[in-house]
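The structure appears below as structure tokens.
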Amino acid sequence: QVQLVESGGGLVQAGGSLRLSCAASGRTFSRYVMGWFRQAPGKEREFVARISLSGKITYYADSVKGRFTISRDNAKNTVYLQMNSLKPEDMAVYYCAASPGGGSSYYQDYNYWGQGTQVTVSS
């Protein structure tokens, strides 16, 4: 299994920036598609972004496209989410997740999950 630990959440003003990190265990990190999801109170888990095994291909939800950037460093077993121009509607718990293969925006296609990190955006 893959163990994932998120960090970097916190409080930020609207229009500000925040970078989330997700550290993974094991030597097979580069074999997994990595994704970021978020969940606001009273709402279902929502896809945010995903990145291919090599990091060459990325995909974003329309709600964050142009503002968020996903990246990965396979040598460090870490995936990142750079969040710029944050809006109050971005407020949620953010989770990183790993899939053994294929590209998907559906959370059930991801096998491994971190515990999440809270992002709060003040207006």
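One-based numbering along the sequence shown. Heavy atoms only: backbone and side chains are in, while hydrogens, waters and symmetry mates are out. No experiment lies behind these values; they were computed from the predicted model shown.
Residues Leu18 and Leu81 fall within the same hydrophobic cluster, defined by Ile, Leu, Val, Met, Phe, Trp and Tyr side chains chained together at heavy-atom separations under 4.5 Å. Residues Tyr107 and Tyr95 share a single hydrophobic cluster, defined by chaining ILVMFWY side chains whose heavy atoms lie under 4.5 Å apart. No path of Ile, Leu, Val, Met, Phe, Trp and Tyr side chains, each step under 4.5 Å between heavy atoms, connects Phe37 with Tyr80, placing them in separate hydrophobic clusters. Residues Val64 and Val12 share a single hydrophobic cluster, defined by chaining ILVMFWY side chains whose heavy atoms lie under 4.5 Å apart. Under a hydrophobic-cluster definition in which Ile, Leu, Val, Met, Phe, Trp and Tyr are linked whenever side-chain heavy atoms come within less than 4.5 Å, directly or via other members, Val93 and Leu86 are assigned to different clusters.
Nearest heavy atoms, Ser85 versus Arg67: O-NH1, 2.9 Å. Of all heavy-atom pairs between Ala24 and Val2, the closest is CB-CG1, 4.1 Å. Contact between Lys76 and Thr78 at its shortest, heavy atoms only, is O-OG1, 2.9 Å. Contact record, Tyr60 with Ile70: OH-N, 2.9 Å, taken as the closest heavy-atom pair. For the pair Leu4 and Ala97, the tightest heavy-atom approach, listed with the atom from each and the gap, is CD1-CA, 3.8 Å. The minimum heavy-atom distance linking Ser17 with Gln82 is given by the pair CB-NE2, 4.0 Å.
With rounding to the nearest 0.5 angstrom, the NZ atom of Lys43 is 8.5 Å from the CZ atom of Arg38. Here the OG1 atom belonging to Thr69 is positioned 12.0 Å from the CZ atom belonging to Arg19, to the nearest 0.5 angstrom. Ser30 contributes atom OG, which lies 5.0 Å from atom CG of Asn74 (distance to the nearest 0.5 angstrom).
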*Can you check side chain to side chain contact (heavy atoms under 4.5 Å, CB included) on Val33 and Ile51, steps first, answer last?*
CA-CA 6 Å; Val33 172; Ile51 189 166; over 6 Å; no

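Under the 3.5 Å distance criterion, the side-chain polar atoms of Asp90 are left unmatched by any main-chain donor or acceptor of Ala14. Between the side chain of Arg72 and the main chain of Gly55, no donor-acceptor pair closer than 3.5 Å is present. Listed for the Glu6 side chain is a donor-acceptor partner under 3.5 Å among the backbone atoms of Cys96.
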Only pairs under 3.5 Å count here: list side-chain donor-acceptor contacts from residues 99-106, not counting sequence neighbours, and write none if there are none.
residue: Ser99; atom: OG; partner: Gly101; partner atom: O; Å: 3.2
residue: Ser99; atom: OG; partner: Asp109; partner atom: O; Å: 3.2
residue: Ser104; atom: OG; partner: Tyr106; partner atom: N; Å: 3.0
residue: Ser104; atom: OG; partner: Asp109; partner atom: OD2; Å: 2.5
residue: Ser105; atom: OG; partner: Arg50; partner atom: NH1; Å: 2.6
residue: Tyr106; atom: OH; partner: Gln108; partner atom: OE1; Å: 3.2

Name the atoms and distances for all side-chain donor-acceptor pairs under 3.5 Å in residues 111-123, with sequence neighbours left out.
residue: Trp113; atom: NE1; partner: Tyr110; partner atom: O; Å: 3.2
residue: Thr117; atom: OG1; partner: Gly9; partner atom: N; Å: 3.1

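Under a cut-off of 6.0 angstrom, the local environment of CG in Leu11 is crowded, with over 12 non-hydrogen atoms contributed by other residues, nucleotides or ligands.
For Tyr32, there are no side-chain hydrogen bond (donor to acceptor under 3.5 Å, both in side chains) partners at least two apart in sequence or on another chain.
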